Asks: 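Once you've had a glance at the structure underneath, I'll fire off some questions.
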Amino acid sequence: MVDERIYSILKIRKRAWYVWLWRVAWFIWLVFWTEVAIGSFKELEQKAFKISWTIFLVSLGLGFLLWLWGYIKFKKKKSTQISVGPPVDSHAPPYSDHSF
Amino acid sequence: MNRRDFFKFGFGGTGFMVGGGLVSGLNTPASYSHLNKGGHPWWVETTLSPKLAIDDKVYSRFNSRKNVFGSFTRYYGSKREKELMRRSEAKRMEYYKENRPGYRLEDRALADAGWIISRMGGLNRGTRSWKRISVMTPELREVKKYSGSPEEAAQLIKAAARYFGAATVGITYLDRRHIHSRERGKRIVFEPVKQPYENKEKLVIPDDCNYAISLSVQMSLENIQCSPTAIGSAGSSMGYSRCEFLVAGLAEFIRGLGYVAIPSVNDLGSSVAIAVDAGLGELGRTNRLITPEFGPMVRLAKVLTNMELALDKPIDFGLMEFCKVCKRCAEACPAKCLSFDDEPSLSVKGEWNNPGHQAWFEDSPQCLAYWRESTSGCSICLAVCPWSKKDKTMIHDIVKATSAKIPVLNGLFTHMDEAFGYGRQKSAEKWWSLNLPEYGIDTTQGKG
């Protein structure tokens, strides 16, 4: 076991492969629109800058909300499982609800 | 479909989109330099002949007197022209009194001053002299003339042209039908002589001047986007002056290597037709050249020579298909002088067009009348063209590459271009505080 007094432990929840791929796609999407926004700003194209910046912010916000929704669900599930005992479906991996 | 399946299958589509985006994104100038063809991006194809057809039975040398500048009064009517000039003058004074941005004294002074170098030359005059100006020829140096292979010579010419300010350079075997039949009231003829010359009746080009070096210089998009103001006009005048410097310098360089060089800007022959043959771009709906790198934001020039050079091929980057769908220039034209036809045609609009080649022909007298009406020229059709872009963001490369390869998306791209606000008129007042780079252009654009 890792000594928690010495090491900081970063816990990453186990997820299905396609959830990770969605996250990578979302990240690339954000990088793409950031690049467009910066480029449009340099090109002095104000409307293009505003639109691309808005797409970036909306995508960022939606992604965050989706993650938050999944996180809240996960927390709720976890607290229910702790209070009522082990999960009924023993095949399901613990704490992997595939949400964001 | 449950939530798990939705995300699973949804990923397929997103993965495809992102993958596609990445592949296109990699084709930004930084990475396509090793894949290019004749200096063009990877998505530009070379072809054996220009895409727009030429009717060999009809196409012939054009008398430049018939162009709109030479015969405006005849096309427009002298009475109408006088009225037009009166209105133009009244408007000019009104704008002065109003202190209207883009039409103030400083704006007009800038546009006029931009012509300064251009005014130093004309057909076989000044900087566009057909003979040596000051360069030391091999004869004077008492050495043999340059004798590299055509490929080596073409490499030298292209490097020198870029050094003198060319944005792109192409070389073609001269189609003599592109050369005017008459200019300044004199016949232009080809004769078996060693040096070009001019007398009272004719301008003589040596028979062995079979190579045309086609050159483009960038115009400042920031200026042209201010059209139709004097700031917009300064973009054109500066372009012409830079052309003048370029052809004068390149012609002297060629003479310095021991060969004949005949520099030309808009005189002598059709720069657009030569540029299409030399693979600088394609003919667009504006009946002007559109390049893959700068769109229509270029001025053209040419140098004829007897130096044997390796040739470039015409190019195809899907522009014709794009122009069929787009029509933004025609919609934006305040004089309504551009064609709305879906297909390019062989039938000309008037005597000002040279018949025998396929194009979207324009109503040039209407165009020139609007130039005068606006008091400061007009380049709106160039400013709104979706190909007029700087390359500060990779989305433009993605769109251009996709348009070249998947023309079915052209309609979507046109709408997106409009929705994103491209092509809108910019403030001529703010132009003065933009702190632009040299000549108002980004000389690294399209260079890979």
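Model, not experiment: these values are computed from the prediction. Just so it is clear: chains get the letters A, B, ... in the order the sequence lines come, proteins before strands, and each one is counted from 1. We use all heavy atoms of the structure for the numbers below, so side chains are in, but hydrogens, waters and symmetry mates are not.
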Asks: Does A:K42 NZ have over 12 foreign heavy atoms under 6.0 Å away?
Replies: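 Not more than 12 within 6.0 Å, no.
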Asks: Is the number of heavy atoms from other residues, nucleotides or ligands within 6.0 Å of CD (B:E331) greater than 12?
Replies: yes
Asks: Measuring from atom CH2 of A:W33 to atom CD1 of B:I395, what distance do you get when rounded to the nearest 0.5 angstrom?
Replies: 4.5 Å
Asks: If you count the non-hydrogen atoms of other residues, nucleotides and ligands that lie under 6.0 Å from CD in B:E106, is the total more than 12?
Replies: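 Above 12, so yes.
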Asks: Which bit of B:L221 comes within less than 4.5 Å of chain A, counting heavy atoms only: side chain, backbone, both or neither?
Replies: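 Looking at B:L221, nothing touches chain A.
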Asks: Are the side chain of B:K392 and the backbone of A:E43 linked by a donor-acceptor contact shorter than 3.5 Å?
Replies: no
Asks: Does any part of the side chain of A:E45, heavy atoms only, come nearer than 4.5 Å to the side chain of B:K389, both counted from C-beta?
Replies: no
Asks: Does any heavy atom of chain B fall under 4.5 Å from the side chain of A:I38, the backbone, both, or neither of them?
Replies: neither
Asks: Which residues in residues 414-433 of chain B have a heavy atom less than 4.5 Å from any heavy atom of chain A?
Replies: B:E418, B:A419, B:F420, B:G421, B:Y422, B:R424, B:K426
Asks: With sequence neighbours excluded, tell me which residues meet side chain to side chain donor-acceptor pair (under 3.5 Å) with B:E321.
Replies: B:K324
